[in-house]
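As a basis for the values below, the full set of heavy atoms in this structure was taken, side chains included, without hydrogen atoms, waters or symmetry mates.
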Amino acid sequence: MKVLNKVVDIVTILAFIAMMVTTLLQILFRTILKISVPWTEELSRLLFIYAGFLGTAIAAREKQFIIIDVLTSRLPKAVQAVLYVVMKIVIVLFFSIMWFGAVQMFGKVKNTYFQSLPAVSNGATYVALIIGAGLTVFYTLIESIDTFRKRGTSDD
């Protein structure tokens, strides 16, 4: 698990850095050299998608999803526990549906290519969703199981 976490962290950081460098190149080419380089825009967009979806998985792993708990924090602990379960179910369902849709779209576009990056399949976009949504479901399930185990042992 530690190896997976480290790989996800490193790939996310590299995608973000590469996106920043690509965007900087785009700015330099357009403003200083007065040359349009269209591949920089498509590559930076693709890297942004990877960084975003892998970042979502990291947020799930680190329990850092944005939660507005103004009302729920005032509810009884039993109701909070039920809402926690409902929230985790909604997260797993949402990202499972996203994963399923991404797999279907990948199958439809894997043989098409970016116009300015002819070596890169349009399917690469959906691979980011497949990996990110899959990891988000995985991390959410792992965290939920750990939480229930801890609650089960604390009640004894």
Side-chain angles (χ1 to χ4, degrees), residues 1-25 39-114 117 119-156:
M1 187 71 147
K2 286 182 182 180
V3 173
L4 174 64
N5 294 346
K6 195 69 166 168
V7 168
V8 171
D9 291 347
I10 289 170
V11 171
T12 305
I13 291 167
L14 290 175
F16 186 79
I17 291 170
M19 178 191 67
M20 295 300 292
V21 168
T22 305
T23 304
L24 180 63
L25 283 173
W39 62 265
T40 56
E41 189 272 329
E42 285 188 341
L43 182 59
S44 63
R45 186 177 347 125
L46 183 62
L47 291 166
F48 177 77
I49 292 167
Y50 272 87
F53 278 100
L54 291 174
T56 301
I58 292 170
R61 180 185 75 209
E62 301 295 326
K63 298 175 235 162
Q64 294 295 318
F65 277 132
I66 297 172
I67 298 171
I68 301 171
D69 63 352
V70 174
L71 297 175
T72 57
S73 63
R74 297 178 181 172
L75 296 172
K77 293 289 183 195
V79 176
Q80 288 181 23
V82 170
L83 289 175
Y84 172 85
V85 171
V86 169
M87 179 185 69
K88 294 300 178 180
I89 290 170
V90 168
I91 289 170
V92 168
L93 284 174
F94 176 79
F95 283 98
S96 295
I97 291 167
M98 183 182 290
W99 182 88
F100 184 72
V103 168
Q104 287 183 321
M105 286 303 298
F106 174 79
K108 292 178 181 179
V109 301
K110 67 183 177 190
N111 295 323
T112 64
Y113 298 89
F114 286 99
L117 295 167
V120 180
S121 166
N122 284 309
T125 305
Y126 295 100
V127 170
L129 275 72
I130 292 166
I131 294 169
L135 285 171
T136 301
V137 168
F138 174 73
Y139 286 137
T140 301
L141 290 173
I142 294 296
E143 190 263 327
S144 299
I145 291 166
D146 287 347
T147 299
F148 286 118
R149 282 185 181 158
K150 288 176 187 171
R151 286 186 182 170
T153 56
S154 66
D155 292 341
D156 294 339

To the nearest 0.5 Å, tell me how far [X] [atom1] sits from [Y] [atom2].
X: Y139; Y: T56; atom1: OH; atom2: OG1; value: 12.5 Å
X: L4; Y: L135; atom1: CG; atom2: CG; value: 6.0 Å
X: T40; Y: R45; atom1: OG1; atom2: CZ; value: 10.5 Å
X: F138; Y: M1; atom1: CZ; atom2: CE; value: 4.0 Å
X: L54; Y: T136; atom1: CG; atom2: OG1; value: 8.5 Å
X: E41; Y: L46; atom1: CD; atom2: CG; value: 11.0 Å

Salt bridge (charged side-chain N to carboxylate O under 4.0 Å, His left out) pairs, two or more places apart, involving residues 103-114: none
Qualifying side chain to side chain donor-acceptor pair (under 3.5 Å) pairs, either residue in residues 76-91, two or more places apart: Y84-E143, Y84-T147, K88-E143
Taking all non-hydrogen atoms of both residues, which atom of [X] and which atom of [Y] are closest, and how far apart?
X: G132; Y: A57; answer: O-CB, 3.9 Å
X: W99; Y: I130; answer: CD1-O, 3.1 Å
X: A60; Y: T140; answer: CB-OG1, 3.8 Å
X: I49; Y: A128; answer: CG2-CB, 3.8 Å
X: T12; Y: G55; answer: CG2-N, 4.1 Å
X: L129; Y: M98; answer: CD2-CG, 4.3 Å

Heavy-atom neighbours of F65 CZ exceed 12 at 6.0 Å: yes
Within 6.0 angstrom of F48 CZ, more than 12 heavy atoms from elsewhere: no
Note: D9-R61 ion pair, threshold 4.0 Å (strictly below): yes
side-chain contact (heavy atoms from CB on, under 4.5 Å) between F114 and N122, intermediate numbers included: CA-CA 6 Å; F114 286 99; N122 284 309; 3.6 Å; yes
Donor-acceptor under 3.5 Å (Y50 side chain, V11 main chain): no
